[in-house]
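Everything below concerns the one structure shown next.
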Amino acid sequence: MGSPAIIVEGVTKSYGDFRAVDHLSFDVQSGEIFALLGPNGAGKSTMIRMILDIIKPDQGKIAVLGGNIDAARKNRIGYLPEERGLYTGVPVIEMMGYLGRLKGLSRSQARSHAMQLLERLDLAEHATNKVSELSKGMQQKVQFAVTVMHHPELIIIDEPFSGLDPVNRLVIKELLVDFRNEGGAIVMSTHQMNQVEEMADRMLMISHGQQKLYGQVDAVKEQYAKHAIIVEGRGDWASLPGIASVEKIGNGRNGTVMLNLEPDMTNDRVLAAIAQNNALQIDRFERAVPSLDEVFIQVAGESAHIDQRTS
Ligand SMILES: Nc1ncnc2c1ncn2[C@@H]1O[C@H](COP(=O)(O)OP(=O)(O)OP(=O)(O)O)[C@@H](O)[C@H]1O
């Protein structure tokens with residue numbers, strides 16, 4: 001990771017009496033993919049709008065690319081909002097050329113950057129089609145191309161994969177990962193936790209405008225790991241030493257169970273005991289680290305529960 005692309009310190013924003021963002025502090029470094037997560041209405045878009053200077057915080061400080069956001073810094077950012085909008089009656093290449101020039105590119109730079117991206121996104125043959133003649137997914141890819149065509153240093157992107165098939169998701173993901181590996185910073189707001197697990201380096205999860213989880217994605221998941229092992233196979237798992245209980249998980253059809261371990265039992269010792277026991281057949285053995293989806297549901301559920309008690 002490199003220098004900070006974004007520093008947010010103690011930022012608060014209310015709409016009337018309603019506090020949408022409540023004393024948030026975090027940073028995003030260049031050379032990382034940072035996931036901004038939270039349930040619907042958590043305050044993610046409000047936070048993003050403040051970073052982009054679309055709305056002002058009531059309290060706190062935000063530095064973007066080394067200082068207060070101004071027109072020059074805005075040109076070093078690529079923003080893909082949740083509400084997409086393109087000029088639909090214009091050929092793709094002309095629209096991209098126009099938007100590229102607005103972001104400070106020369107006419108020839110805009111055209112060459114646009115064509116390179118359209119090639120990479122498998123849209124080159126549609127360059128002279130009107131935007132309205134493209135499918136929804138193709139329009140989404142064009143919008144992505146517009147977001148990155150001026151080679152920004154920071155990309156802020158809301159639901160980057162919505163409406164895309166698995167092949168196109170992979171193409172966009174590769175572009176984002178390349179951008180990160182070349183030193184760019186990415187803030188990605190999404191509800192697709194599997195994408196966060198696959199791509200993001202660090203994450204901030206907020207709920208009711210407040211920080212709930214913040215840090216390396218793997219470390220956050222590790223906090224929720226159980227002293228347990230998930231196994232799939234056949235046999236009497238309770239007969240193993242150091243097993244406190246055996247829980248069926250999933251629909252139980254494929255014999256997947258969670259072995260909750262006694263406090264002093266280790267994974268290695270369970271594995272060794274399984275290996276020595278001919279009556280057990282094992283197809284899968286892994287630590288019980290939850291998926292980010294499970295962590296999200298737990299954290300969002302906890303804050304909904306707190307709400308009910310306080311309302
Ligand atoms: N212009 C506004 N005026 C009043 N309230 C607003 C305004 N914009 C957002 N809010 C409220 O602030 C809260 C946070 O909204 P925000 O759009 O930031 O959430 P979000 O995390 O982006 O949600 P989602 O995942 O659904 O997009 C919500 O309760 C919303 O109703």
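First listed ligand is number 1; within each ligand, the first listed atom is number 1.
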_Walk me through whether His150 and His113 qualify under ring-ring contact (aromatic ring centres under 6.0 Å, His included)._
CA-CA 8 Å; His150 59 293; His113 290 194; 9.2 Å; no
Which ligand 1 atoms are under 4.0 Å away from a heavy-atom of [X]?
{"X": "His191", "result": "25 (O)"}
{"X": "Asn40", "result": "23 (O), 24 (P), 25 (O), 26 (O)"}
{"X": "Ala42", "result": "19 (O), 20 (P), 21 (O)"}

*May I ask whether atom 31 (O) of ligand 1 is less than 4.0 Å from at least one protein heavy atom?*
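Looking at atom 31 (O) of ligand 1, one finds that no protein heavy atom lies closer than 4.0 Å.
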*Return yes when at least one protein heavy atom is under 4.0 Å from atom 13 (C) of ligand 1, and no when none is.*
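At least one protein heavy atom is under 4.0 Å away.
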*asked:* Against Lys141, only a single residue in Leu117, Val146, Asn168 fulfils side chain to side chain contact (heavy atoms under 4.5 Å, CB included); can you say which?
replied: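 Among Leu117, Val146, Asn168, the one that satisfies the side chain to side chain contact (heavy atoms under 4.5 Å, CB included) with Lys141 is Asn168.
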_Please identify which of these residues, Ile186, Leu36, Leu80, Ile48, meets the side chain to side chain contact (heavy atoms under 4.5 Å, CB included) condition with Ile156._
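So the option named by the test is Ile48.
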*Heavy atom of Met47 under 4.0 Å from ligand 1?*
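It does not; every heavy atom stays at 4.0 Å or beyond.
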*Gly43: heavy atom below 4.0 Å from ligand 1, yes or no?*
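Gly43 counts as a contact of ligand 1 under the 4.0 Å cut-off.
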_Is a donor from one side chain sitting under 3.5 angstrom from an acceptor on the other, for Ser25 and Tyr214?_
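Their side chains do not contain a donor-acceptor pair, so the 3.5 Å distance test is not met.
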_Test side-chain contact (heavy atoms from CB on, under 4.5 Å) on Gln210 and Val21; report intermediate values, then the result._
CA-CA 6 Å; Gln210 295 175 342; Val21 166; over 6 Å; no
